[in-house]
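Predicted, not measured: the structure shown is a model, and the values here were computed from it. Reckoned from all heavy atoms, side chains included, excluding hydrogens, waters and symmetry mates.
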Amino acid sequence: MADNIHPFKGVWPTIHESVFLAPTASVIGDVEIGAETNIWFGCLVRGDMNVIRIGKRVNIQDLTVVHVDSRKYGTFIGDNVTIGHAAVIHACTLEDRCFVGMQACVMDGAVIETGAMVAAGALVPPGKTVKAGQLWAGTPARYMRDCADQENQMIERVPPEYWAMAQEYLKIGIGVVGQETTKN
């Protein structure tokens, strides 16, 4: 295992062999990460008190924290999700093809439905649901409007762009590729 992949209480992360993990990102504990996901510099994915499940083709950008609640909520991230720089994803659910902007915070029990977007700097309070195809912004976050073509194009465009960038980093020897096996 790479130096930035750690067990917690004997449980190792399960990371698909195609995952790009930046050298300063850390993955700890009961975490599963799907194919073609990329986790960038300074990110922390900490599945120590509950589970974290991350789907395929997710990009988790620099300095993001993904964590859980010890009693009630794990964190569940679907496929083709973008999480912007320095976001906090805490004990919530991000469904497929959603987008969480830079420095946004999604709190315990919140759900970001398929195709929804949380604007940069927004705070989605505990238990709130951002409905499919909606754009929410502000602190606390609230419905602004339905996603327009610009947001929908961004939701579709960004995951493959970050996957291509991850491949460029690997070509020059920066980052590690995940390992399918665990040490349970």
Side-chain angles (χ1 to χ4, degrees), residues 16 18-20 25 27 30-47 50-69 71-166:
H16 189 272
S18 66
V19 167
F20 167 80
V27 179
D30 195 351
V31 176
E32 293 178 8
I33 304 173
E36 297 180 14
T37 287
N38 40 94
I39 301 174
W40 291 89
F41 299 92
C43 290
L44 175 61
V45 180
R46 188 159 62 98
N50 212 319
V51 303
I52 296 174
R53 302 295 181 253
I54 299 171
K56 300 173 187 167
R57 296 171 299 282
V58 173
N59 73 88
I60 302 175
Q61 298 172 13
D62 311 67
L63 303 176
T64 291
V65 173
V66 179
H67 196 230
V68 295
D69 175 85
R71 292 175 287 285
K72 196 168 183 181
Y73 300 109
T75 297
F76 302 91
I77 301 172
D79 297 337
N80 298 298
V81 171
T82 294
I83 302 170
H85 307 288
V88 175
I89 307 302
H90 197 272
C92 58
T93 298
L94 309 180
E95 293 183 354
D96 296 345
R97 294 182 347 271
C98 69
F99 192 108
V100 176
M102 291 183 258
Q103 294 188 331
C105 181
V106 183
M107 295 297 297
D108 302 33
V111 176
I112 312 304
E113 291 185 349
T114 298
M117 181 176 280
V118 174
L123 170 65
V124 179
K128 288 289 182 186
T129 297
V130 176
K131 294 290 186 185
Q134 292 183 348
L135 170 64
W136 282 40
T139 303
R142 63 194 174 283
Y143 172 79
M144 302 305 286
R145 59 179 169 77
D146 288 349
C147 289
D149 287 345
Q150 178 182 355
E151 289 88 22
N152 290 325
Q153 289 168 6
M154 186 181 295
I155 288 168
E156 296 301 321
R157 184 189 80 238
V158 174
E161 285 178 355
Y162 264 83
W163 178 243
M165 179 65 71

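- The ring pair (Phe, Tyr, Trp, His ring centres under 6.0 Å) test applied to Phe99 returns no partner, not counting sequence neighbours.
- Salt bridge status for Glu151 with Arg145: present, with a side-chain N to carboxylate O gap under 4.0 Å.
- When side chains are defined from C-beta on, Gln61 counts as touching Thr82, because their heavy atoms get closer than 4.5 Å.
- Just one residue in the list Met154, Gln153, Met117 forms a side chain to side chain contact (heavy atoms under 4.5 Å, CB included) with Cys147, and that residue is Met117.
- Using a 4.5 Å heavy-atom threshold, the side chains of Val106 and Ile112 count as touching.
- Distance check, rounded to the nearest 0.5 Å: CG of Asp62 to CE of Met102 gives 10.5 Å.
- Side-chain atoms of Met107 and Leu123, non-hydrogen and from C-beta on, do get closer than 4.5 Å to each other.
- Only one option out of Thr75, Asp30, Thr93 pairs with Arg53 in a side chain to side chain donor-acceptor pair (under 3.5 Å); it is Asp30.
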* To do: Show the numbers, then the answer: is there a side-chain hydrogen bond (donor to acceptor under 3.5 Å, both in side chains) between Arg57 and Asn80?
  => CA-CA 5 Å; Arg57 296 171 299 282; Asn80 298 298; 3.1 Å; yes
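- Under the 3.5 Å distance criterion, the side-chain polar atoms of Glu113 are matched with a main-chain donor or acceptor of Ala132.
- Looking only at distances, a side-chain donor or acceptor of Thr37 sits under 3.5 Å from a matching main-chain atom of Val58.
- Contact annotation: the side chain of Arg142 approaches that of Met144 to within less than 4.5 Å [non-hydrogen atoms, C-beta and beyond].
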* Derivation of the side-chain hydrogen bond (donor to acceptor under 3.5 Å, both in side chains) call for Trp163 and Glu161 -> CA-CA 5 Å; Trp163 178 243; Glu161 285 178 355; over 6 Å; no
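- Here the closest non-hydrogen pair linking His16 and Gly34 is CB-C, 3.8 Å.
- Nearest approach of Ile155 to Arg97, heavy atoms of both residues: CG2-O, 3.0 Å.
- Residues Ile77 and Val66 are in side-chain contact: their nearest non-hydrogen atoms beyond the backbone lie under 4.5 Å apart.
- Listed here is the closest heavy atom pair of Ile39 and Ala25: CG2-CB, 3.9 Å.
- One N or O on the side chain of Asp96 and one on the backbone of Asp79 form a donor-acceptor pair closer than 3.5 Å.
- Shown here are the ring pair (Phe, Tyr, Trp, His ring centres under 6.0 Å) partners of His85, two or more places apart in sequence or in another chain: there are none.
- Remark: aromatic rings of Phe20 and Trp40 are close, center separation under 6.0 Å.
- With rounding to the nearest 0.5 angstrom, the CG atom of Leu135 is 9.0 Å from the CG atom of Asp146.
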* To do: Check the pair Asn152 / Gln150 against side chain to side chain contact (heavy atoms under 4.5 Å, CB included), numbers first and verdict last.
  => CA-CA 6 Å; Asn152 290 325; Gln150 178 182 355; over 6 Å; no
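- Heavy atoms only, all atoms of each residue included: Gly47 and Ile52 are closest at N-CD1, 3.6 Å.
- Shown here for Ile60 and Cys43, the closest heavy-atom pair between the two residues is O-SG, 3.6 Å.
- At least one side-chain heavy atom of Ile83 sits under 4.5 Å from a side-chain heavy atom of Val81.
- Side-chain contact check for Val100 versus Ile89: some heavy-atom pair is nearer than 4.5 Å.
- A heavy-atom distance below 4.5 Å is found between the side chains of Asn59 and Val158.
- Heavy-atom minimum distance, Ala87 versus Gly101: CB-O, 4.1 Å.
- Partners of Tyr73 according to the ring pair (Phe, Tyr, Trp, His ring centres under 6.0 Å) rule, which considers only residues two or more places apart in sequence or in another chain, do not exist here.
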